[in-house]
Asks: 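Structure provided below as structure tokens; questions to follow.
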Amino acid sequence: MGFSHAQIKELFSVQPRLPSQARLAVISELLLLGLSTDSILKAVQKNTELLRMSPERLKNRADLLRKFSFQEGSLNHIVIHCPSIFTLPQSRIEAVKDLLKEKCLFTVQQISKILQTCPNVLLEDLDDLEYRFQFAYFRMGVKHREIVNSGFFQTSLAEIKNRTIFLERLGLYQTPDKKGQTQIVNPKLKTLIRASETDFVTKIACSTIEEYEIFKKLLAREEQQKWNEDGTLEVELSDMESDEESDTK
């Protein structure tokens, strides 16, 4: 099968009471999917229930993943970072796909890329996932293609909000108007979210770490007050969404 002696020892240390025949059947099926020995070992160590799946169920899940254009390379990536994609109920995967397609209006190709590059979305609360999209689209004024290509869903919403609002208050970021225009040049989403905190603060915000830390504490306090007063932080986004819809009619 291509495993080293050390890898075989580690594989058999996971779910040690599992019959060898059942273990080998699962491993064989994973190899047939094109997964590397390293990926398989890391996957079963992170999600031991993977070894208890039937080969038939693994085949069915593989067929589902192929519908999202998962190939050998992307499968190795997702198995390492989100091995539960094999054990999640199919209804859960379908629910995430439907939300991204019907409520967020991503194309099938864009959904495939999101799932391949940001498999963590499969584990998120659906309301939180929708709210995160709404923040990017309505609050930041970023369109679908840029959201997908930036790896937006790899970054926590808290971090995105902190950076965006910090720049806004420094006059370095502006929500586009209803025509998609701004009076300043906003940093690209990919640049904004992928920069290290030090680079973000010193090179993009032209500020100091101390000032940014103070800002984050103040913003957290402001948002807690909003929760206390409004009961939800979605009111502002809902208003923005309503305004945009009315403009398109």
Asks: Quick one, Ile40 with Leu50, criterion side chain to side chain contact (heavy atoms under 4.5 Å, CB included). Give me CA distance, side-chain angles, the key distance, then yes/no.
Replies: CA-CA 10 Å; Ile40 292 172; Leu50 191 56; over 6 Å; no
Asks: If you define the side chain from C-beta out and look only at heavy atoms, does anything of Leu31 sit under 4.5 Å from Ile27?
Replies: yes
Asks: Ignoring hydrogens, what is the shortest heavy-atom contact between Ala136 and Met140? Give both atom names and the distance.
Replies: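 Closest heavy-atom pair between Ala136 and Met140: O-CB, 3.3 Å.
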Asks: Between Ala195 and Ile204, which heavy-atom pair has the shortest distance, and what is it?
Replies: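 Scanning both residues, the minimum pair turns out to be CB-CD1, 4.0 Å.
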Asks: Aromatic ring centroids of Phe152 and His144 under 6.0 Å?
Replies: no
Asks: With heavy-atom distances below 4.5 Å as the criterion, would you say the side chains of Leu11 and Leu51 are in contact?
Replies: no
Asks: Please assess Arg52 against Leu18 for the test side chain to side chain contact (heavy atoms under 4.5 Å, CB included), listing each intermediate value before the final yes or no.
Replies: CA-CA 8 Å; Arg52 295 189 176 276; Leu18 188 70; 3.8 Å; yes
Asks: Hey, what's the ring geometry for Tyr212 with Phe215, parallel, tilted or perpendicular (30° and 60° as the breaks)?
Replies: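 Judged by the thresholds at 30° and 60°, the geometry between Tyr212 and Phe215 is parallel.
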Asks: Could you tell me whether the side chain of Glu29 reaches within less than 4.5 Å of the side chain of Met53, counting heavy atoms only?
Replies: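 No, their side chains stay 4.5 Å or more apart.
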Asks: Return the CG to CG distance between Leu100 and Leu105, rounded to the nearest 0.5 Å.
Replies: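 Those atoms lie 10.5 Å apart.
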Asks: Of the options Arg139, Arg163, Lys161, which is the one that meets Glu168 in a salt bridge (Lys or Arg N to Asp or Glu O under 4.0 Å)?
Replies: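 Of Arg139, Arg163, Lys161, salt bridge (Lys or Arg N to Asp or Glu O under 4.0 Å) with Glu168 is met by Arg139 alone.
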Asks: Ignoring hydrogens and angles, state whether a donor on the side chain of Asn76 or Ser36 is under 3.5 Å from an acceptor on the partner side chain.
Replies: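 Yes, because at least one side-chain N or O of Asn76 sits under 3.5 Å from a partner of the opposite role on Ser36.
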Asks: Apply side chain to side chain contact (heavy atoms under 4.5 Å, CB included) to residues Gln224 and Arg221 and explain how you reach the verdict.
Replies: CA-CA 5 Å; Gln224 184 58 52; Arg221 190 178 303 167; 5.7 Å; no
Asks: Can you check salt bridge (Lys or Arg N to Asp or Glu O under 4.0 Å) on Glu222 and Arg169, steps first, answer last?
Replies: CA-CA 14 Å; Glu222 288 177 20; Arg169 296 187 182 180; 2.8 Å; yes
Asks: Take Glu213 and Glu197, measure what side chain to side chain contact (heavy atoms under 4.5 Å, CB included) needs, and give me the verdict at the end.
Replies: CA-CA 11 Å; Glu213 289 300 321; Glu197 182 164 296; 3.2 Å; yes
Asks: Between Glu146 and Lys143, is a salt bridge (Lys or Arg N to Asp or Glu O under 4.0 Å) present by the stated rule, with each step listed?
Replies: CA-CA 6 Å; Glu146 189 175 357; Lys143 301 305 180 186; over 6 Å; no
Asks: Do the rings of Phe135 and Tyr131 sit parallel, tilted or perpendicular, given the 30° and 60° boundaries?
Replies: tilted
Asks: Decide if atom CZ of Arg145 counts as having more than 12 heavy atoms of other residues, nucleotides or ligands within a radius under 6.0 Å.
Replies: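 Check fails, neighbour count at 12 or below.
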Asks: Taking atom CD of Gln21 as the centre, report whether more than 12 heavy atoms of other residues, nucleotides or ligands fall under 6.0 Å from it.
Replies: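 Not buried by this count: 12 neighbours or fewer within 6.0 Å.
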Asks: Hey, does the Lys NZ or Arg CZ of Arg132 hover above the aromatic six-ring of Phe153, less than 6.0 Å from the centre and inside 45° of the axis?
Replies: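 Judged by the rule, Arg132 and Phe153 form no cation-pi pair.
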Asks: Run the salt-bridge test on Arg66 and Asp63 with the 4.0 Å N-O cut-off and return the result as yes or no.
Replies: yes
Asks: Are Tyr173 and Phe166 an aromatic pair, judged by ring center distance below 6.0 Å?
Replies: no
Asks: Which distance, rounded to the nearest 0.5 Å, do you find between the CZ of Phe86 and the CG of Asn47?
Replies: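 Nearest 0.5 Å value for the CZ-CG distance: 10.5 Å.
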Asks: Sort out for me which residue in Val108, Thr107, Leu115 forms a side-chain contact (heavy atoms from CB on, under 4.5 Å) with Ile111.
Replies: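 Exactly one option meets the side-chain contact (heavy atoms from CB on, under 4.5 Å) with Ile111, and it is Leu115.
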